[in-house]
Amino acid sequence: MTDTPPAGDRIAKTLSRAGIASRREAERMIADGRVSVNGKVIDSPALNVTAADKIMVDGKPVGEPDPPRLWLYHKPAGLVTTERDEKDRPTVFASLPDTMPRVMSVGRLDLNSEGLLLLTNDGEVKRKLELPSTGWLRRYRVRINGSVSEAKLDELRTGITVEGIRYQPMTVTFDRQQGANAWLTVSLREGKNREIRRAMLAIGVTVNRLIRVSYGPFQLGALKASEVEELKQRVVRDQLGLSNTPKPTRVRKPVNRPTRGTGRR
């Protein structure tokens, strides 16, 4: 005799799917007593829920999840990719148009990096895009101070270990020298924290500008700094294999919005 698995999905997955938070963040919210199911505050994510359950977060009901949606955002330098910052620095999410729903970032760009940042309303889409097994190529334009030999760049092309952290081989092209600086194009599939900056420092050069220009099939293109553009639902379905996903009621046009403060990677 086999045990019948409980109906529904784990509460953290449901909150993530509804765009409330990532699974890990949802688990923290549960531990903090911010989530209730059917009128009872829960303290463990080990709970399955169905559409019949009434879920509330911070006293507000969690509705049915919207269809998965994906936005391209041109992140300026100077913004942190977090909801809140302990140093009170300006954030990506505070700079987004007020008309946007709650979204999560796919990965991050650090404070001084800029360029393409993907945003989604769906925690499962976020997870799928971030999985190492996906292996989507991320491409960057990188400006370094000084110049660097092909022999040094070959160290990056074959993989490099920095302070005990192994970075997988990168695709690196020397584009041009521009005065005291040089421009490179760097492509990688891992995207570990500050990977390019640390790897460049290890071969003796410093990155003074870093722009992500693509993430898998998604391109920064002509999107201007602080602009956000929603991808057509057909593109999202095709690229992520969401063939049965219903179309949303609308697709927003590109939006210009003044940033509140300065711009992050």
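Looking at His74, its side chain does come within 3.5 Å of a backbone N or O of Leu223 through a donor-acceptor pair. In terms of modelled atom types and a separation under 3.5 Å, the side chain of Arg138 and the main chain of Trp136 share a donor-acceptor contact. Under the 3.5 Å distance criterion, the side-chain polar atoms of Gln233 are left unmatched by any main-chain donor or acceptor of Arg69. Judged purely by atom type and a 3.5 angstrom limit, Ser105 uses its side chain to pair as donor or acceptor with the backbone of Gly107. No donor-acceptor pair under 3.5 Å is formed between the side chain of Thr161 and the backbone N or O of Gly164. Of the possible donor and acceptor atoms, one in the side chain of Asp85 sits under 3.5 Å from a partner among the backbone N and O of Lys87. With hydrogens and angles disregarded, no donor-acceptor distance shorter than 3.5 Å links the side chain of Lys54 to the backbone of Gly39. For the pair Thr158 (side chain) and Asp154 (backbone), a donor-acceptor distance under 3.5 Å is present.
Asp43 CG: 12 or fewer foreign heavy atoms inside a 6.0 Å radius. Within a 6.0 Å sphere centred on CG of Asp88, heavy atoms belonging to other residues, nucleotides or ligands number 12 at most. Counting non-hydrogen atoms of neighbouring residues, nucleotides and ligands closer than 6.0 angstrom, the CZ atom of Arg166 exceeds 12 such neighbours.
Residues Gln239 and Leu231 are not in side-chain contact: their nearest non-hydrogen atoms beyond the backbone lie 4.5 Å or more apart. Side-chain contact between Pro76 and Glu114: absent, with no pair of heavy atoms (C-beta onward) separated by less than 4.5 Å. Leu117 places none of its side-chain heavy atoms less than 4.5 Å from the side chain of Val106. In this structure the side chain of Trp71 reaches within 4.5 angstrom of the side chain of Pro101, judged on heavy atoms. Looking only at side-chain heavy atoms (C-beta outward), Leu70 and Asp122 stay at 4.5 Å or farther from each other. Two residues are said to be in side-chain contact when any heavy atoms from C-beta on lie closer than 4.5 Å; Ile144 and Thr206 fail this criterion. Two residues are said to be in side-chain contact when any heavy atoms from C-beta on lie closer than 4.5 Å; Leu188 and Thr171 fail this criterion. Inter-residue side-chain proximity for Leu220 and Leu72 is flagged as unmet; no heavy-atom pair is nearer than 4.5 Å.
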Q: Just do the salt bridge (charged side-chain N to carboxylate O under 4.0 Å, His left out) check on Lys126 and Glu130 with the steps written out, would you?
A: CA-CA 6 Å; Lys126 169 182 168 70; Glu130 290 178 345; 2.9 Å; yes
Q | side chain to side chain contact (heavy atoms under 4.5 Å, CB included) between Leu15 and Ile55, intermediate numbers included | A | CA-CA 9 Å; Leu15 293 175; Ile55 306 168; 4.0 Å; yes
Q | Criterion side chain to side chain donor-acceptor pair (under 3.5 Å) on Ser226 and Tyr73, from CA distance to verdict | A | CA-CA 7 Å; Ser226 299; Tyr73 172 61; 4.7 Å; no
Q) Going through the checks in order, is the side chain to side chain contact (heavy atoms under 4.5 Å, CB included) test met by Thr82 and Arg89? A) CA-CA 10 Å; Thr82 55; Arg89 293 172 295 188; over 6 Å; no
Q: Applying side chain to side chain contact (heavy atoms under 4.5 Å, CB included), run through Val37 and Val49 and close with a yes or a no.
A: CA-CA 8 Å; Val37 178; Val49 294; 4.1 Å; yes
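Residues Val62 and Ile30 share a hydrophobic cluster, clusters being chains of Ile/Leu/Val/Met/Phe/Trp/Tyr side chains in contact below 4.5 Å. Note on Ile203: it clusters hydrophobically with Leu184, by side-chain heavy-atom contacts below 4.5 Å among ILVMFWY residues. In the hydrophobic clustering of this structure, Val57 does not group with Phe93; members are Ile, Leu, Val, Met, Phe, Trp, Tyr whose side-chain heavy atoms approach within less than 4.5 Å, directly or through other members. Hydrophobic clustering places Ile165 together with Met170 (ILVMFWY residues linked when any side-chain heavy atoms are closer than 4.5 Å, directly or through intermediates). No chain of hydrophobic side-chain contacts below 4.5 Å, direct or via other Ile, Leu, Val, Met, Phe, Trp or Tyr residues, connects Tyr215 to Met104.
Put simply, the residue from Leu153, Val148, Asn145 that forms a side chain to side chain contact (heavy atoms under 4.5 Å, CB included) with Val205 is Val148. With Tyr140 as the fixed residue, the side-chain hydrogen bond (donor to acceptor under 3.5 Å, both in side chains) test singles out one of Glu195, Arg212, Arg209: Arg212. A side chain to side chain contact (heavy atoms under 4.5 Å, CB included) with Arg34 is found for one member of Ile20, Val41, Asp58, Ile42 and no other, namely Asp58. Between Val125 and the choices Leu118, Val236, Thr120, the side chain to side chain contact (heavy atoms under 4.5 Å, CB included) rule is met once, by Thr120.
Here Met200 contributes atom CE and Ile160 contributes atom CD1; the two are 9.5 Å apart, rounded to the nearest 0.5 Å. Note that the CZ atom of Arg84 and the OG1 atom of Thr91 stand 9.5 Å from one another [nearest 0.5 Å]. To the nearest 0.5 Å, atom CZ of residue Arg194 and atom CG of residue Leu111 are 8.5 Å apart. Summarising the geometry, atom CG belonging to Asp9 is positioned 11.5 Å from atom CG belonging to Leu47; distances are rounded to the nearest 0.5 Å. How far CG of Asp53 is from CG of Asn48: 9.5 Å, rounded to the nearest 0.5 Å. With rounding to the nearest 0.5 angstrom, the CZ atom of Arg139 is 12.5 Å from the CZ atom of Arg189.
Gln177 and Ser147 share a side-chain donor-acceptor pair at under 3.5 Å. Looking only at atom types and distance, the side chain of Asp175 has a donor-acceptor partner in the side chain of Thr185 under 3.5 Å away. For the 3.5 Å distance criterion, the side chains of Gln178 and Trp183 qualify, holding a donor opposite an acceptor. At a cut-off of 3.5 Å, with distance as the only test, a side-chain donor of Asn208 or Arg143 sits close to an acceptor on the other residue.
Here the closest heavy-atom approach between residue Thr81 and residue Arg108 is recorded as O-NE, 3.6 Å. Taking every heavy atom of both residues into account, Ala46 and Arg10 meet most closely at CA-NH1, 3.2 Å. The two residues Ala202 and Val162 make their nearest non-hydrogen contact at CB-CG2, 3.6 Å. Shown here for Phe218 and Leu129, the closest heavy-atom pair between the two residues is CE1-CD2, 4.3 Å.
With respect to the salt-bridge test (charged N to carboxylate O, under 4.0 angstrom), the residues Arg23 and Glu27 do not qualify. A salt bridge links Glu150 with Arg157: at least one charged nitrogen is closer than 4.0 Å to a carboxylate oxygen.
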